[in-house]
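Scroll down for the structure; my scribbles are underneath it.
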Protein chains: 2
Amino acid sequence: MRRTTGNRRAWAEFGGLLREARELRGTESREFSLRRVAQRIDVEPAYLSKIERGEVAPPSEEKIRALARELDQDPDVLLAVAGKVSEELREIIRRRPREFGELLRQLRNAPDHAILRIARQVRDGKW
Amino acid sequence: MRRTTGNRRAWAEFGGLLREARELRGTESREFSLRRVAQRIDVEPAYLSKIERGEVAPPSEEKIRALARELDQDPDVLLAVAGKVSEELREIIRRRPREFGELLRQLRNAPDHAILRIARQVRDGKW
DNA sequence: GGTAGTGTGTAGTACATAGTACACATGCGA
DNA sequence: TCGCATGTGTACTATGTACTACACACTACC
C-alpha cells in the first residue's frame, strides 16, 4: 500500500466521520462492530480499520455507498468528503458538458437556498 | 501500457475528433503536424499518435486542456468525450454535494435551452 | 542521394487505486 | 480460565493511469 503522505489529513476527516457514525450506532446494537460492518460491506476488517483511521485513501464509490447505507449517511456527502463525485452525476454532466458547465460555474457562489429553490422549481415543472 | 480492450471504441471517438481537428488546421498551416502539436503540448509524438488512433486511453486533464487550446476546441466537450469531468466542476459539486446533487438530478432530462436559460437568469441576477 | 520531417511500433517506467491475507494482542463474558 | 470477538500491524497483489525513450519506414525536397 502506497501512502503518498500528504492527503492523510483529508483521509482522516473521512475516516473520522465513519468511525463516529459507526460508534454511535455501536453503543446500542452490537451489530455495528468494525468486523460486522466490514463483513456486510464486503471488505476485510483490517482494511476498514485503516480507512477509519485515515491510514489509507477512502475506498471505491461502491464501498462508500454501502457504508452510507449501513450507517445511514447521505451518499453524496460521504463521497464528497472522500474527495469524489458520484459516477451518476458525472454522467449527467458528460452528456451535456457545455450546458452543465455553464450552469455550475454560474452557480458556484450562489447561496444554498438559491440552488435548492431552482431545483424545486424544476421539479414542479416551472421551467 | 495496459490495453483493457473494451473502452477502445470510446478512446477511438476521442482520438478521431482530435485527428480531424488537427488535420483540418494542418492543411493550411504546417504548424499542425502531429510532431509539432505534440511538442507544444509537451508529450512524445508516439504518445499523441496512439491517442489519436484510440490505441490508448485519453491523456490527463492537463493535456486535454492544452489540446483544446491548440486545436480551438471547447475543453469541457473534449473532456466529456474523453469520459472525464473537469476538476473545476467536481470541486464545485464537492463543496455542496447535497444542493448540486439535487439540482443535477432534477435537470437530468430537462431540455438544453432550459438549463441555459437558468444559467442566464442566474448570471443576470434573477434569483 | 542525403537529410529533414512525418507518423508509428515496441518496450518499459513510476505512481495511484483498491484492495486481500494472515498474524497478533487485548478484553469480556460464562 | 478459556474461548470468542474485538481492533490493528505487516506484507503483498492486481490493475489502472499517464506517460517516456528509441528505433523504424516512408516521403518530399533540393
Side-chain angles (χ1 to χ4, degrees), chain A residues 1-8 10-12 14-16 18-23 25-27 29-67 78-79 82-85 87 90, chain B residues 1-8 10-12 14-16 18-23 25-27 29-67 78-79 82-85 87 90:
Chain A
M1 174 63 59
R2 189 138 265 97
R3 255 189 228 66
T4 332
T5 321
N7 302 319
R8 300 288 291 260
W11 301 350
F14 175 78
L18 281 191
R19 175 146 297 190
E20 199 180 350
R22 186 177 60 79
E23 285 183 342
R25 275 146 199 84
T27 51
S29 145
R30 98 208 153 280
E31 282 303 310
F32 288 88
S33 80
L34 188 149
R35 288 178 108 99
R36 299 291 205 120
V37 172
Q39 191 177 353
R40 290 201 295 276
I41 70 163
D42 195 33
V43 298
E44 288 292 311
Y47 185 40
L48 182 53
S49 170
K50 278 175 283 196
I51 290 169
E52 286 193 350
R53 285 171 297 127
E55 205 190 308
V56 300
S60 65
E61 174 169 347
E62 186 199 338
K63 302 300 181 189
I64 292 176
R65 287 192 179 281
L67 283 165
L78 218 48
L79 282 163
K84 310 197 185 211
V85 170
E87 171 55 23
R90 280 181 284 139
Chain B
M1 172 61 60
R2 188 138 266 96
R3 256 189 229 69
T4 334
T5 320
N7 303 318
R8 300 286 292 262
W11 301 351
F14 175 78
L18 282 191
R19 175 146 296 191
E20 198 180 353
R22 186 177 60 78
E23 285 183 342
R25 275 147 199 82
T27 51
S29 146
R30 99 209 153 277
E31 284 302 312
F32 288 87
S33 80
L34 187 149
R35 288 179 109 98
R36 298 291 204 119
V37 173
Q39 191 176 353
R40 290 202 295 276
I41 70 164
D42 196 33
V43 299
E44 288 292 311
Y47 185 40
L48 181 54
S49 171
K50 277 174 284 197
I51 290 168
E52 286 193 350
R53 286 172 296 127
E55 205 189 307
V56 301
S60 65
E61 174 168 348
E62 187 200 337
K63 302 301 181 190
I64 292 176
R65 287 191 180 281
L67 283 165
L78 218 49
L79 283 164
K84 309 197 185 212
V85 170
E87 171 55 24
R90 280 180 285 141

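Chain identifiers are assigned alphabetically (A, B, ...) following the order of the sequence lines, protein sequences preceding nucleic acid strands; residue numbering begins at 1 within each chain. Model, not experiment: these values are computed from the prediction.
- Side-chain N or O atoms of A/Arg30 include none that pairs as donor or acceptor with a backbone N or O of A/Gly26 at under 3.5 Å.
- In this structure, CD of A/Gln39 is placed 12 Å from C1' of D/dA5, rounded to the nearest angstrom.
- For A/Arg22, the salt bridge (charged side-chain N to carboxylate O under 4.0 Å, His left out) partners two or more places apart in sequence, or in a different chain, are A/Glu52.
- Atom CD in B/Glu61 sits about 15 Å away from atom P in D/dT17, given to the nearest Å.
- When rounded to the nearest whole Å, the span between CD1 of A/Ile51 and P of D/dG9 equals 14 Å.
- The distance from atom NZ of B/Lys84 to atom C1' of D/dT17 is 8 Å, rounded to the nearest whole Å.
- Every salt bridge (charged side-chain N to carboxylate O under 4.0 Å, His left out) that B/Arg53 has, sequence neighbours left out, goes to B/Glu55.
- Each of D/dG7, D/dA18, C/dG19 was ranked by its minimum atom distance to the side chain of A/Arg22; first place goes to D/dG7.
- Distance A/Leu34 CG to C/dA25 C1': 16 Å, rounded to the nearest Å.
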**Asked** For nucleotides 20-30 of chain D, read 5' to 3', which letter fits each nucleotide if B means a protein heavy atom sits under 4.0 Å from the base, S means only the sugar-phosphate is that close, and - means neither?
**Response** BBB--------

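- Residues A/Pro58 and A/Ala82 come closest through the heavy atom pair CB-CB, 3.6 Å.
- Scored by the salt bridge (charged side-chain N to carboxylate O under 4.0 Å, His left out) test, B/Glu87 finds B/Arg90, B/Arg94 as partners (sequence neighbours excluded).
- For A/Leu48 and D/dT8, the CG to P distance is 9 Å, given to the nearest whole Å.
- Not counting sequence neighbours, the partners of B/Lys63 by the side chain to side chain contact (heavy atoms under 4.5 Å, CB included) test are B/Asp42, B/Val43, B/Pro59, B/Ser60.
- For the pair B/Ser33 and C/dG5, the criterion of a side-chain N or O lying under 4.0 Å from OP1 or OP2 is not met.
- Taking CD1 of A/Ile64 as the start and CZ of A/Phe14 as the end, the distance is 4.5 Å to the nearest 0.5 Å.
- The side chain to side chain contact (heavy atoms under 4.5 Å, CB included) search around B/Glu31 returns B/Ser29, B/Arg36, B/Arg40, not counting sequence neighbours.
- For B/Arg19 and C/dT8, the shortest distance from a side-chain N or O to OP1 or OP2 is below 4.0 Å.
- When each of B/Glu52 and A/Ser60 is assigned the nucleotide of DNA chain C with its nearest heavy atom, B/Glu52 is the one assigned upstream, toward the 5' end.
- Each end of the helix from C/dG1-D/dC30 to C/dA30-D/dT1 gets its own rotation axis from five pairs of C1' atoms, and the angle between them is 0° to the nearest 10 degrees.
- Dashed line: the shortest gap from a side-chain N or O of B/Ser49 to OP1 or OP2 of C/dG9 is not under 4.0 Å.
- Smallest separation of non-hydrogen atoms from A/Ser49 and A/Leu34: CA-CD1, 3.7 Å.
- When the P atom of D/dG7 is taken as reference, atom CZ of A/Phe32 falls 13 Å away, rounded to whole Å.
- For the pair B/Arg30 CZ and C/dG5 P, the interatomic distance rounds to 13 Å; values are reported in whole Å.
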